[in-house]
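Encoded as structure tokens, the structure appears first; notes follow it.
Positions are given from 1, in the same order as the sequence printed here. Heavy-atom basis, side chains included; hydrogens, waters and symmetry copies ignored. Order of listing sets the numbers, starting from 1, for every ligand and every atom in it.
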Amino acid sequence: MTVDRILPTGEAHDLLDLATDLADRELAPKVTDFESRGVFPREVIRTIGRAGLLGLPYPEEDGGAAQPYEVYLQVLEILASRWLAVAEAVSVHTLACFPVAAYGSDQLRKMLPDMLGGELLGAYCLSEPQGGSDAAALTTKAVRDGDHYTVTGTKAWITHAGNADFYNVFARTGGPGAAGISCLLADAATPGIVPQAAERTMGLRSSPVAQIAFDGARVPAERLVGEEGVGFRIAMQALDSGRLGIAACAVGLAQAALDYASAYARDREQFGHPIIDFQGLGFMLADMATLVSAARALTLAAARLRDAGRPYAIEAAKAKLFATDAAMKVTTDAVQVLGGYGYVADHPVERYMREAKVLQIVEGTNQIQRLVISRSLAKGR
Ligand SMILES: Cc1cc2nc3c(=O)[nH]c(=O)nc-3n(C[C@H](O)[C@H](O)[C@H](O)COP(=O)(O)OP(=O)(O)OC[C@H]3O[C@@H](n4cnc5c(N)ncnc54)[C@H](O)[C@@H]3O)c2cc1C
């Protein structure tokens, strides 16, 4: 279904047309094969970068496209509607470019054109095996040793592990708690950085996720992003924006499920009628369509606050919470609309349902989003 969009500029229309064309040509024909083989489509990400769609929200002087977040998120939504793992890769890479773009030294910022052009792929290493939600309790250590930091510890669940060219590593350089955390930008080829075997995930199988062991890895001191002790602030600011990316991915996935289920219900007949004519099913589709529209509206409203330079973290948490819960419900109902055919891999809706689940977990589980929102209410904000 064509979504009726109000976009801020003609350039934004052109970008969405470009994204739709690229998604139809490069993503839709490949997704089933790559997902079934569990292979990361590195070349597809490079193609997206060369098309100018990887650095959309970053300034032109850094190699980005200086687009409002509102526009970037709608591009992401289109990519997600064809291949969630690719859209998630774009979202995670955009998140991984944030520390250098917002806090990096002039020296580090020289890497941005290659990062935003897709030649260098990034990863964001915050979670650890003993905890993801309580990120401020992380235990990976970075000890200053002359002109290097020696990094020791284990990161968990790292998207692009083993495939990325650079890792944002959040590590403890000081005492306990958030104030003791710093951010280092490590080259993936650094001796002592050892990606482990990929996790065997429920969905998003073409997106590599693994632990990374840091075994005395020596990272040059000039790779410190910002100052010592500001790492947690960098990590949380990156996540505020990243959560909007996950919300947009959820909207795209839910839209794909809705479109597929509606088309199926118009075509499939039982008792001599298209099944969409049975009110029980038609109303289910109506609820799915309403959830998709509401999720999109909430996500773009939060993005517009960000674009206006206003506080948006709480609205981003609400958008991530609502859009990913909506995607879970819509994809589950899409399976129901197809009946038995929804449960087999001949149709994409079973994949959509498996993929939706992870969106409720990454970049802060939906319980953590509720925590963020309820804490702001407790403060009377
Ligand atoms: C496919 C995938 C990709 C990922 N990619 C990355 C990545 O690139 N980089 C990265 O750093 N991390 C990544 N993650 C990690 C992800 O962010 C964490 O899994 C998530 O933050 C939850 O952490 P955890 O798994 O340790 O669960 P836990 O923190 O152990 O939580 C377990 C359960 O307890 C709940 N819970 C915890 N605390 C509270 C509380 N205070 N109140 C209520 N409920 C609570 C949680 O919501 C959850 O349901 C990825 C995860 C997956 C599955």
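- Ranking protein heavy atoms by distance to atom 2 (C) of ligand 1, first place goes to Val362 CG1, 3.6 Å.
- Nearest non-hydrogen protein atom to atom 20 (C) of ligand 1 is Ile361 O, 3.7 Å.
- Nearest protein neighbour of atom 31 (O) of ligand 1, counting heavy atoms only, is Ser133 OG, 3.7 Å.
- Contact check for Pro129 versus Gln211: side-chain heavy atoms found under the 4.5 Å cut-off.
- Heavy-atom contacts of Thr365 reach the following atoms of ligand 1: 22 (C), 46 (C), 47 (O) (cutoff under 4.0 Å).
- Remark: the Gln237 side chain and the Tyr103 side chain contain an N/O donor-acceptor pair separated by less than 3.5 Å.
- When heavy-atom distances to ligand 1 are checked against a 4.0 Å cut-off, Leu126 comes that close through both its backbone and its side chain.
- At under 3.5 Å, not a single nitrogen or oxygen of Asp134, backbone or side chain, sits near a nitrogen or oxygen of ligand 1.
- Between Val92 and ligand 1 there is no heavy-atom distance shorter than 4.0 Å.
- Within the 4.0 angstrom cut-off, atom 22 (C) of ligand 1 has one or more protein heavy-atom neighbours.
- Note on Asp187 versus Arg223: salt bridge recorded, some NZ/NE/NH1/NH2 to OD/OE distance being below 4.0 Å.
- When hydrogens are left out, the protein atom nearest atom 49 (O) of ligand 1 is Gln367 OE1, 3.6 Å; that is the closest non-hydrogen contact.
- The atoms of ligand 1 that sit less than 4.0 Å from any heavy atom of Gly131 are 26 (O).
- For atom 8 (O) of ligand 1, a protein heavy-atom neighbour is found at a distance under 4.0 Å.
- Considering backbone and side-chain atoms alike, Glu128 places every N or O at 3.5 Å or more from each N or O of ligand 1.
- Distances between N or O atoms of Gly132 and those of ligand 1 include at least one value under 3.5 Å.
- When non-hydrogen atoms are compared, ligand 1 lies under 4.0 Å from the backbone of Thr159 as well as from its side chain.
- Residues forming a side chain to side chain donor-acceptor pair (under 3.5 Å) with Ser81 (at least two apart in sequence, or on another chain): none.
- With a 4.0 Å heavy-atom cut-off, ligand 1 is reached by the backbone of Glu363 but not by any atom from C-beta on.
- The protein non-hydrogen atom at the shortest distance from atom 15 (C) of ligand 1 is Ser127 OG, 3.3 Å.
- Among protein heavy atoms, the minimum distance from atom 4 (C) of ligand 1 is reached at Trp157 O, 3.1 Å.
- Residue Glu88 has no nitrogen or oxygen atom sitting less than 3.5 Å from a nitrogen or oxygen atom of ligand 1, judged on distance alone.
- Listed by atom number, the atoms of ligand 1 under 4.0 Å from Val358 heavy atoms are 1 (C), 53 (C).
- Note on Asp21 versus Arg25: salt bridge recorded, some NZ/NE/NH1/NH2 to OD/OE distance being below 4.0 Å.
- Side-chain contact annotation: Thr140 with Arg172, donor-acceptor N/O pair under 3.5 Å absent.
- Using modelled atom types, one finds a donor on one side chain and an acceptor on the other under 3.5 Å when comparing Glu88 with Ser207.
- With sequence neighbours excluded, no residue forms a side chain to side chain contact (heavy atoms under 4.5 Å, CB included) with Asp215.
- A side-chain N or O of Glu128 and one of Thr139 form a donor-acceptor pair less than 3.5 Å apart.
- A donor and an acceptor atom, one from each side chain of Thr47 and Glu26, are nowhere located under 3.5 Å apart.
- Residues Arg296 and Gln74 have side chains that never bring a donor and an acceptor to within less than 3.5 angstrom of each other.
- Here the heavy atom of the protein found nearest to atom 39 (C) of ligand 1 is Ile368 CD1, 4.0 Å.
- Taking the six-membered ring where tryptophan is involved, the planes of Tyr260 and His347 are perpendicular, since the angle between them exceeds 60° and thus also 30°.
- Glu350 and Tyr341 share no side-chain donor-acceptor pair at under 3.5 Å.
- Counting only heavy atoms, the protein never gets under 4.0 Å from atom 42 (N) of ligand 1.
- For atom 35 (C) of ligand 1, the nearest protein heavy atom lies 4.0 Å away or farther.
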